[in-house]
Amino acid sequence: MLQILASGEKCLGDFTFDFYWQHQGSRLDMDQKIGEASLRQIVQSLREGERVNISGDVGSRLGSSLGVDLIRLGGKGGPIEGTGSIVVEGDVGRRMGISMLRGAIYVSGRVSEPMGNVIEVDSDLTGYRMFVSITEALEKGWDVTEPNHLDQQGLFIEDGIFRDTLGARNPADKTIKLEGDAGMSTGILMRSGQIIVEGCAQENTAVLLRGGRILVRGSTKDFTGAEMRGGEVFIEGDAGSFTCARMKGGVVYARQALPLPPAKRHPLSPSERTVVARALELGPMQALMYSRFGLQ
């Protein structure tokens, strides 16, 4: 068990080390010390199933990609079963649990929004709120706290919390339905299932999507479908600029978008109009206003 004294530090327990492979240590040094422990030691302890106790307030990006065996850092890309937990005696900054997959985060104080891919469950630690990955809650049937609820069809999120990376890496053939708006990177690296956003979503919706379906009742911001590999995205409104940037596969259906070549705008075939009408619950004439955006 590690004991950490914090004073607002960012990226504690961040399995990506603030995307180390991109900046090569220019933004964050893996061996930077927080008290007696380094950032690398914190992550290694969590990978080995240990608890990390933090006294004091922490900054943004606590527990990013917690429980992910990251390919970019020599892993296999899947979950690390038996990931440990982070216990914070204090407040937590924005984007806690971005792309989180396994483990748990306990917080005694406030958690700033947007949060990441986390949802509150009944805590087994008195005086602390407990958060787990939305993806794990969906996979394993965690009992989430009201007003959210989970049944055989999927997870229904109604707490009004603004979240980034909703449903990150989801492999389960189930539905996540969000009442309200979503943040950045909804469905990142998702492989199966469905996400329904009953509102708008921010940049990078469906980034690196592998499969499944994302449906947004409003509009999305730029880079929808960036680096998509597969799956379907339905946007009831505008899909923004730079749509389908560096796309490898999959398809985006939207009323308007500005695709980045080689992706193009294509008119819908009769069968595709039927698909769009059913997905978005439109009449046949309304479906004529939509287009397909993709490589072919």
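Start at 1 with the first residue, then count along the sequence.
The environment of Arg278 atom CZ is sparse: at most 12 non-hydrogen atoms of other residues, nucleotides or ligands sit within 6.0 angstrom. Within a 6.0 Å radius of CD in Glu146, other residues, nucleotides and ligands contribute 12 heavy atoms or fewer. The local environment of CD in Gln22 is crowded, with over 12 non-hydrogen atoms from other residues, nucleotides or ligands closer than 6.0 Å. Applying the 6.0 Å contact sphere to CG of Asp31 captures more than 12 heavy atoms from other residues, nucleotides or ligands. Heavy atoms from other residues, nucleotides or ligands lying under 6.0 Å from CZ of Arg72 number 12 at most. Sparse packing is recorded around CZ of Arg246, with 12 or fewer heavy atoms of other residues, nucleotides or ligands lying under 6.0 Å away.
Using a 4.0 Å cut-off between a side-chain N of Lys or Arg and a carboxylate O of Asp or Glu, Lys76 and Asp69 do not qualify as a salt bridge. Between Glu139 and Arg191 there is no salt bridge, since none of the side-chain N atoms of the basic residue sits less than 4.0 Å from a carboxylate O of the acidic one.
The shortest distance between side-chain heavy atoms of Val52 and Leu46 falls below 4.5 Å. Contact check for Ile119 versus Trp142: no side-chain heavy atoms found under the 4.5 Å cut-off. The side-chain heavy atoms of Ile176 and Ile157, taken from C-beta on, include a pair separated by under 4.5 Å. Looking only at side-chain heavy atoms (C-beta outward), Glu272 and Tyr290 stay at 4.5 Å or farther from each other. A heavy-atom distance below 4.5 Å is found between the side chains of Pro171 and Thr135. Under the 4.5 Å side-chain criterion, counting only non-hydrogen atoms from C-beta, Arg102 is not in contact with Ser133. Looking at Val252 and Cys244, their side chains come closer than 4.5 Å, going by heavy atoms from C-beta outward. Side-chain contact between Glu113 and Ile161 is present, with at least one heavy-atom pair separated by less than 4.5 Å.
Between the side chain of Thr224 and the backbone N or O of Ala239, at least one donor-acceptor pair lies under 3.5 Å. A donor-acceptor contact shorter than 3.5 Å links the side chain of Arg163 to the backbone of Val118. Judged by distance alone, the side chain of Arg210 and the main-chain N or O of Leu208 form a donor-acceptor pair under 3.5 Å. Looking at Thr83, its side chain never comes within 3.5 Å of a backbone N or O of Gly103 through a donor-acceptor pair. Judged by distance alone, the side chain of Ser219 and the main-chain N or O of Asp238 form a donor-acceptor pair under 3.5 Å. Under a 3.5 Å cut-off, the side chain of Asp159 and the backbone N or O of Asn148 do not form any donor-acceptor pair. Between the side chain of Asp91 and the backbone N or O of Asp57 there is no donor-acceptor pair closer than 3.5 Å. With hydrogens and angles ignored, the 3.5 Å screen pairs a side-chain donor or acceptor of Ser108 with a backbone N or O of Gly90. With hydrogens and angles ignored, the 3.5 Å screen pairs no side-chain donor or acceptor of Glu9 with any backbone N or O of Ala6. With Arg169 contributing its side chain and Gly77 its backbone, the two residues share a donor-acceptor pair below 3.5 Å.
Taking the six-membered ring where tryptophan is involved, the planes of Tyr106 and Tyr128 are perpendicular, since the angle between them exceeds 60° and thus also 30°.
Taking CE of Met130 as the start and CD of Glu120 as the end, the distance is 10.5 Å to the nearest 0.5 Å.
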- Message: Evaluate Arg129 against Ser123 for side-chain contact (heavy atoms from CB on, under 4.5 Å), listing each step before the verdict.
- Response: CA-CA 6 Å; Arg129 298 166 68 193; Ser123 181; 5.9 Å; no

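Ala37 and Ile42 get closest at one heavy-atom pair: CB-CG1, 4.4 Å. The heavy-atom pair separating Asp222 from Ser241 by the smallest distance is OD1-N, 2.8 Å. Ile86 and Gly63 get closest at one heavy-atom pair: CD1-CA, 4.2 Å. Between Lys264 and His266, the shortest heavy-atom contact is O-CD2, 3.3 Å. Closest heavy-atom contact between Val144 and Ala137: CG1-CB, 4.4 Å. Leu101 and Gly78 get closest at one heavy-atom pair: CD2-C, 4.2 Å.
For Phe162, there are no ring pair (Phe, Tyr, Trp, His ring centres under 6.0 Å) partners, not counting sequence neighbours. Scanning for ring pair (Phe, Tyr, Trp, His ring centres under 6.0 Å) contacts around Tyr20 gives His23, with sequence neighbours left out.
In this structure, a donor-acceptor pair under 3.5 Å is absent between the side chains of Thr205 and Glu203. For the residue pair Gln194 / Thr175, a side-chain donor-acceptor distance below 3.5 Å is found, with atom types taken as modelled.
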